[in-house]
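These notes are about the structure you will find just below.
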Amino acid sequence: MFLSKYLQEDFERIIQKGHLSPFEGKTILITGASGYIGSWLLKMFLYFNLTSKYPCYIIAVVRNKEKLNSLLSPFNIKINTTEYLEIVEDDLSQSSSLSIDGNIDYIIHCAAVTNSLQMIEHPVEVIQTSMNGTMKLLKLAHEKKCEGIVFLSSMEVFGATTDNKTERCTENQLGTIPLNHVRSCYPESKRMVECLCKCYASEYNVPVKTARLAQTFGTATLPSENRIFAQLAQCAITSSTFHMHTLGNSYGNYVYISDAAEAILMLLLKGEPGEAYTVCNEESTMQIKEMAMMVANELPDIHFHVQITADTSASAKYAPDTALRLSSSKLRALGWLPKINLKETYIRMIHDIKTQKGL
């Protein structure tokens, strides 16, 4: 398996900490395995299998098998020849049940629409993917008597706040979500699914936990990624001007991908069924414009210009401004501790992208 320096380091750190040992010989189902977090976790388990005496058996659920194949091929992984990998093609937006033969020990439900333009143009499908997909997985977890399931939610469920609060928000401190905005299809459906998970834990004893993720990125960023963090990385590589289409006043909460992976593994084993846990690196909270200036001016050997060209008419395409500052205290109480701050995140991500491009 070909890996960049930092991606291999990420995997090795997780293995050396013993986070993957409890999953030896287990069957793990990952949905959204061609998305960023899902594919990162898939590669992590495949890497672990190279040296494990008792490899994991991984079931990857995707909408398009060929897309997954194209994502894995740069890592010299051929899905048709990997003994411990099964690919299941399924459109989770549909209400039909998900049929999987054999035992399933753990489920990591990553599948979701994360593109803001899709949220505007196809809001019904966004809701269907969230609701129908999660219902399928919860039913499957109940049927298979899974040992653990983690649903990946989003920090957007906290809603918008305009208060410059100095204290950090914990899991039960939710703000408002405007129901008359089409883009609210994403956070509202995530809220409903979190409630659905709570209900399945209560009524059917399904050991489901929710990982309420801050924006997650780092190594192995997908070639198709176009969110702000990826645009900033590309500008850093090409020394191109970064055009910011908002004023950048909104606060962002971030977490490095391998720190998020450790949190997900920990929740599978230690999280309380029916509970939600915020996954964020509190040291990495800052305004979007602050992050852009940091990447442009504070990384070694990287300099580019940030130009604010805010378009108020396009505001509906973006989440509302928020002063939200998240607390990860509930997750930290389980023993989780993030290691990579935002500046180091960009250093590692940029190096990884350049390696993959042969630069």
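We're numbering straight along the sequence, starting at 1.
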Exercise. Is there a side-chain contact between Leu247 and Ile308 (heavy atoms, below 4.5 Å)?
Worked result: yes
Is it the case that the side chains of Asp10 and Tyr256 hold a donor-acceptor pair, with the cut-off being a distance below 3.5 Å and no angle test? yes
CG of Leu326 to OG of Ser284, rounded to nearest 0.5 Å, is 12.0 Å
key: Phe11 and Trp40 aromatic centres sub-6.0 Å   = yes
ask   = Taking the side chain as C-beta and beyond, is there a heavy-atom pair between Cys146 and Val206 under 4.5 Å?
value = no
Exercise. Assess whether side-chain hydrogen bond (donor to acceptor under 3.5 Å, both in side chains) is satisfied between Glu171 and Tyr277, documenting all intermediate values.
Key: CA-CA 7 Å; Glu171 282 74 7; Tyr277 297 82; over 6 Å; no
Lys289 and Asn249 side chains, donor-acceptor separation under 3.5 Å:
yes
Are any of the side-chain nitrogens in Glu282 or Arg325 under 4.0 Å away from the carboxylate oxygens of its partner? no
*Test item: side-chain donor near acceptor, Arg63 and Ser34, under 3.5 Å*: no
Margin query: Quiz question: by atom type and distance under 3.5 Å, do the side chains of Ser4 and Thr355 form a donor-acceptor pair?
Written below: no
Handout entry: Side chain proximity check, Leu342 to Met286, heavy atoms < 4.5 angstrom
Key = yes
Q: Check whether any side-chain heavy atom of Ser184 sits under 4.5 Å from a side-chain heavy atom of Tyr186, and report yes or no.
A: no
The single option from Ile59, Val61, Leu68, Ile58 that satisfies side-chain contact (heavy atoms from CB on, under 4.5 Å) with Ile87 is Leu68
Within the 4.5 Å heavy-atom criterion, are Ile100 and Leu98 side-chain neighbours or not? yes
Kindly indicate whether a cation-pi arrangement holds for Arg212 with Phe151, taking the cut-offs as under 6.0 Å to the six-membered ring centre and within 45° of the axis.
no
Value for CG (Leu269) from CG (Leu334), rounded to nearest 0.5 Å, stands at 10.5 Å
>> Could you check whether Tyr254 and Tyr346 have their ring centres less than 6.0 Å apart?
In response: no
Rounded to the nearest 0.5 angstrom, the CG-OG1 distance for Leu152 and Thr114 is 11.5 Å
All heavy atoms of Arg191 vs all of Gly159, minimum pair found to be NH2-N, 4.1 Å
For Ser130 and Ser189 the tightest heavy-atom approach is OG-OG, 3.2 Å
| said: Assess, by modelled atom type and distance only, whether the side chains of Arg168 and Thr285 contain a donor and an acceptor separated by less than 3.5 Å. | reply: yes
I'd like to know if Leu179 and Val157 are part of one continuous hydrophobic network [Ile/Leu/Val/Met/Phe/Trp/Tyr, side-chain heavy atoms within less than 4.5 Å]. no
**Message:** Using side-chain hydrogen bond (donor to acceptor under 3.5 Å, both in side chains), reason through Glu290 and Tyr251 one step at a time and then give a plain yes or no.
**Reply:** CA-CA 9 Å; Glu290 292 177 318; Tyr251 276 82; 5.1 Å; no
One should read off an interatomic distance between Ile104 CD1 and Leu29 CG, to the nearest 0.5 angstrom, of 5.0 Å
side-chain hydrogen bond (donor to acceptor under 3.5 Å, both in side chains) between Arg183 and Ser116: does it pass, once the steps are laid out? CA-CA 8 Å; Arg183 198 194 172 284; Ser116 282; 3.3 Å; yes
Do other residues, nucleotides or ligands put more than 12 heavy atoms under 6.0 Å from Lys354 NZ?
no
With the side chain counted from C-beta on, respond yes when Ser258 and Arg13 share a heavy-atom pair under 4.5 Å apart, and no when they do not.
yes
**Study point:** Salt-bridge contact Lys198-Glu194 (side-chain N to carboxylate O under 4.0 Å)
**Key:** no
How are the rings of Tyr84 and Tyr57 set relative to one another: parallel (under 30°), tilted (30 to 60°) or perpendicular (over 60°)?
perpendicular
Legend entry - More than 12 heavy atoms of other groups within 6.0 Å of Lys339 NZ: yes
- Item | Salt-bridge criterion met for Glu275 and Lys209 (N-O under 4.0 Å) | no
(message) Regarding Glu125 and Ser93, do their side chains bring together a donor and an acceptor under 3.5 Å, going by distance alone?
(response) no
TODO: Kindly check if the number of other-residue, nucleotide or ligand heavy atoms within 6.0 Å of NZ (Lys139) is above 12?
DONE: no
Assess whether a salt bridge exists between Asp90 and Lys136, defined as any Lys/Arg side-chain N lying under 4.0 Å from an Asp/Glu carboxylate O. yes
Phe45 vs Phe23 aromatic rings, parallel, tilted or perpendicular, using cut-offs 30° and 60°?
perpendicular
Thr31 vs His109, test: side-chain hydrogen bond (donor to acceptor under 3.5 Å, both in side chains). Steps then yes/no. CA-CA 5 Å; Thr31 70; His109 182 26; 2.7 Å; yes
Original post:
Do Lys43 and Thr219 come within less than 4.5 Å of each other through their side chains, counting heavy atoms only?
Top reply: no
Item to complete: Please report the C-alpha distance between Glu272 and Lys330 in whole Å, then the side-chain angles of each, then the deciding distance to 0.1 Å, and finally whether the salt bridge (charged side-chain N to carboxylate O under 4.0 Å, His left out) criterion is met.
Response: CA-CA 11 Å; Glu272 184 69 24; Lys330 186 175 179 180; over 6 Å; no
- Message: Is it true that Glu24 and Ser52 share a donor-acceptor pair across their side chains at a distance under 3.5 Å?
- Response: yes
*Verify the neighbour count for atom CG of Asp301: are there more than 12 heavy atoms of other residues, nucleotides or ligands below 6.0 Å?*
no
*Quick one: are the ring centres of Phe242 and Phe304 less than 6.0 Å apart?*
no
Notebook entry, point to check: Do the non-hydrogen side-chain atoms of Asn132 and Leu92 ever get within less than 4.5 Å of each other?
Noted result: no
Of Leu222, Ile228, Thr345, the one forming a side-chain contact (heavy atoms from CB on, under 4.5 Å) with Phe217 is Thr345
